[in-house]
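The chains referred to below are lettered A, B, ... by the order of the sequence lines, with proteins before strands, and numbering in each begins at 1.
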Amino acid sequence: MNYLPGFIDFYTLYDFCLTLFQNFGFGDNAEWLSYLTAGVIISFIVINLMILSTAFYTWFERRVLGRFQVRRGPNRNGPFGIFQPFADVVKLIMKEDTIPTEADRPVFTLAPIALVAPTLLIMTVIPMGESSFLGSLNIGILFIVGVTSVNSIAIFMAGWGSRNKYAILGSMRGAAMLISYEIPMALGITSVLLMSGSLAMTSIVSSQDIWFIVVMPLGFFVFMAAATAEISRTPFDQIEAESELGSGYNTEFSGIKFAILFLAEFMAPIVTAAVVATLFLGGTKGFDPIPGQIWFVLKMFVVIFVLLWFRATWPRLRVDQIMGFAWKGLFGLGILNIFIVAIEIMIFRTEEGTVGTSNMLIMSAINWVIAVVTLLTLMRIYGQKKLERPIPVPSPLANMGVEAD
Amino acid sequence: MYGTGIIKGLGITMKNLVIPSRQFNIHQYPNRKASPADLAKLEEKNTISFLFSNPIKSVKALVGLVTIEERLPQHARFRGEEFAWYDQRCTGCASCAKYCPLGIIKIVTDTSGANLQEGQSYDIETFDIDIGRCMFCGLCVEACPYDALHMGSGFEEGTYRRSELVIDVERLRKADKKPSTWFRPQLTDRGHDPIRGSQADWDEVGRHEKPTGDQQRDRWAKR
Amino acid sequence: MTGIRTEPITINLGPQHPSTHGVFRLRVTFDGEEIIDAEPVFGYLHRGTEKLAETRNYVQIVTLTDRMDYLASMSNNLAYVRTVEKLANIEVPERAQYIRVISAELQRIASHLMATGFLLNDLGALATPLVYCFRERERILDLFEMLCGARITLSYMRPGGVFQDAPEDFWPSLESLVGDLPHYLDELESLITSNEIVLARTKNVGLLTDEQAIDNSISGPNLRASGVKWDLRKADPYEIYDRVKFDVPIGAIGDTFDRYLVRILEMRESVKIIEQCLEQIAPGPIRANTPFFIRPPAGEAYSAVEGPKGELGFYMVSDGGVAPYRCKVRAPSFINITPLRDMLKGWKMGDLIIIFGSIDIVLGEVDR
Ligand code: SF4
Ligand code: SF4
């Protein structure tokens, strides 16, 4: 596997700065100086990379949704409308930044930042090459789980701070939903951890001789559904629910604050796609002439496209149905998946505690059978309960038939 | 079985994504991105020779930077702005003004002037149509007994000021006469299509063939 | 849960809200997400159509009716001109009746498509089914443009017939559309009808029993969805509806899903009606010889048609002059929201939107 040369991670940069500063004779100060410099440079790179890719992603989303909806999508600014996001941002920045008089000012102001920061932070541990921006953090996946849960607080801050009934309704829904869906998401991640035997994102990638989506379809399903809910996309987009709540928690935001909320909101699918690609689609793995980063981006695009496809097709579930789906459906499936995977690992593991490729194939065969059988059974049970309808009988209260015929 | 419906839905949306015939009938407006084939059609060459003769333009067109102006294909009956009014036909009878439900046509006539000697029609001093309030119902056209007023075929009358929306008599006189065929379907028999820009002269837009003497006598007799 | 004090919150849903289909205001009291009270407030789009009609002559009023239910101008035109014809005893030529029925049925399809699309939009399907509906409706509007030069505010019908015969290129286009529409509807149905999310959201939600519906004098698809087989086209056939064969689809229990399904089925019936009209229509005059200013004899008349939203009736009183003495509209949208509070109570915020959407009102008609 070859990687694009010169891909930056924190520690290479740190070492580079350290030698640089020491050569310039900073002596004792060199360490913290280079730490600072490397930190600033990395943050600069990550933030701008993410903002740029979010800009590109909004354009991509609007184009793809446009095609799904048999329209064109933005196509005026620049070739194929690629500069549309920049026009949007300029417009948003120039708008007046209004704060409602009754709003809780500090909370209201901090909310967009609190929302965008965790999303950016996740990106630091995603292994885009042999290591991530932060080097390889050895508790990468734990970091992700921890950091994402800040989102629910930020959304609640936005809703509460703006003192708007719609916003409060939206953020209440958001808080309830995000917390509920963290559990199935963690369960999905746990099964991955069982397989890879490590919390570090890089070793999760390297242990995927066979993609985990093949090995654990059920785990993938649970994780994907939970992740879709976490970023509140259709069919779980209850937080915004534009047809019900106006715009949900961001009703009162305008100007640059709204731009930042918007940024966070549209960055989330990218980050989710990156996490899904790392955990289940083999991350940077691919075959050779194409470098790993390209594979990674391709996989992300596939995930994003599928998310958009769902978004273009499905209506949204009601808030209680969403909660029911998390607790009655995904929770059970996640536990089931963990049990199966754990038992299989107990049987198949080698001396060092890893599972060989051939055994993985056997596992995936078993898991697919179990996943398909479980899902089909559930579908059948539900189907019998829910799809029946009585045959229409004309009401006896009006007798048009007699008069007309 | 539960769950099949949502999968089927995914299939439908994907089908709509890929099948070109199911695309929305969208026309980019006011100017459309043009492919090299479109440009070649404009210059009446075939596409290949156009590609070779204007390589730069073709590349630009492929990237999507070349636009051509185009209008949505509409039917010739479209009732639009830019009223077509025929000075030669109008007698200043103000039937149109009376019949307009909104009363937005203002007519001031004068007997003095060039037409006085002929004794046939009034001289029209003011003929204001406030299309800012017009609803393009066409009742004024229906009311005109001399077939002098017709709906136009445009829709691009955006201005910055409301006062500019008032069409006055000078503008009516100068305007291109592209009457909609809503009131005179027989115009289409002559191949008149205002959407494509064809104009009609005042002697063409009459409602009927000239009635014969007998017909006229019949009508009088009945009354 | 003793320590926590809870209190209901009241939300003004509208008049600016994406899902109120115009400027409609609903004062809703929620207990958490559950609705405990709802009070419709309307009148934001009141333009005094009925009063304005008293100062217009009988042809000019046609343009007013366009703007009541702006998604179904043809049906409004039809209801109005039928009343004037009844008032003034005007015989309508046969061809005109056929053209009127064809255009009214086309308008019914267009209106139902919009209702379906917006219901799905309210369900949160992010505009995809809506755009599909718009796409099919676009072809109908194109036909209207051929017919009368306008797409929404048509002003096509006149007392005594229609203003202009259809152009020659109208008929082949109509035939091809009639051929395509069943496929379009199939596609729409396979996207929506069997979608489990839609089913989970709409089934058994917002029940309206047949008794309730009749008590509230609901009409149109909403009434039929409650299982009442009542359709003015069959019960009191006007124009040439007695010469065409069609079914009156009804719903099973009167929930939101039934209201959606009845609309889809009705569109299919409308296609059938148009097909039969196309076979039966024959050349002939299209407008009775009516004078410019109609002066009906003093008297009064009420006549109703089955509009897309329900029984659309006009009651006109003439004093013998060129303008009616009084004009009153029985607007189906207005009457159909009467049981809204009963339907909403106990449901959740998300249900409110779809129950409201499934009633399919147009604010231009509610407020007039
Ligand atoms: S089109 Fe209608 S509203 Fe406009 S000027 Fe003529 S009569 Fe008046
Ligand atoms: S346009 Fe026609 S109706 Fe109007 S003043 Fe002239 S002749 Fe009379």
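- Of the inter-residue distances, the one linking C:Q60 atom CD with B:C137 atom SG reads 8.0 Å to the nearest 0.5 angstrom.
- Atom CZ of C:R56 is separated from atom CG of B:L102 by 6.0 Å, given to the nearest 0.5 angstrom.
- Taking CD of C:Q164 as the reference point, atom CZ of B:R77 lies at 5.0 Å (rounded to 0.5 Å).
- Annotation for C:Y325: atom OH does not count as buried by contact number, only 12 or fewer foreign heavy atoms lying within 6.0 Å.
- With a 4.5 Å cut-off on non-hydrogen atoms, C:D66 does not touch chain B at all.
- Looking at B:R79, its side chain does come within 3.5 Å of a backbone N or O of C:L154 through a donor-acceptor pair.
- For a residue to count as touching a neighbouring chain, one of its non-hydrogen atoms must lie under 4.5 Å from one of that chain's; by this rule B:Y99 touches chain C with backbone and side chain alike.
- Options C:A150, C:S155, C:S190 differ in how many heavy-atom pairs under 4.5 Å they form with chain B, and the most are formed by C:S190.
- Only the side chain of C:T128 comes within contact range of chain B, judged by heavy atoms closer than 4.5 Å.
- No side-chain heavy atom of B:M135 sits under 4.5 Å from any side-chain heavy atom of C:T153.
- For the residue pair B:H75 and C:D169, a side-chain donor N or O sits within less than 3.5 Å of a side-chain acceptor on the partner.
- With a 4.5 angstrom heavy-atom cutoff, C:R67 touches chain B only via side-chain atoms.
- The parts of C:V59 that come within reach of chain B are both its backbone and its side chain, each placing non-hydrogen atoms under 4.5 angstrom from that chain.
- Interface remark: C:L147 contributes backbone atoms only to the contact with chain B (heavy atom separation under 4.5 Å).
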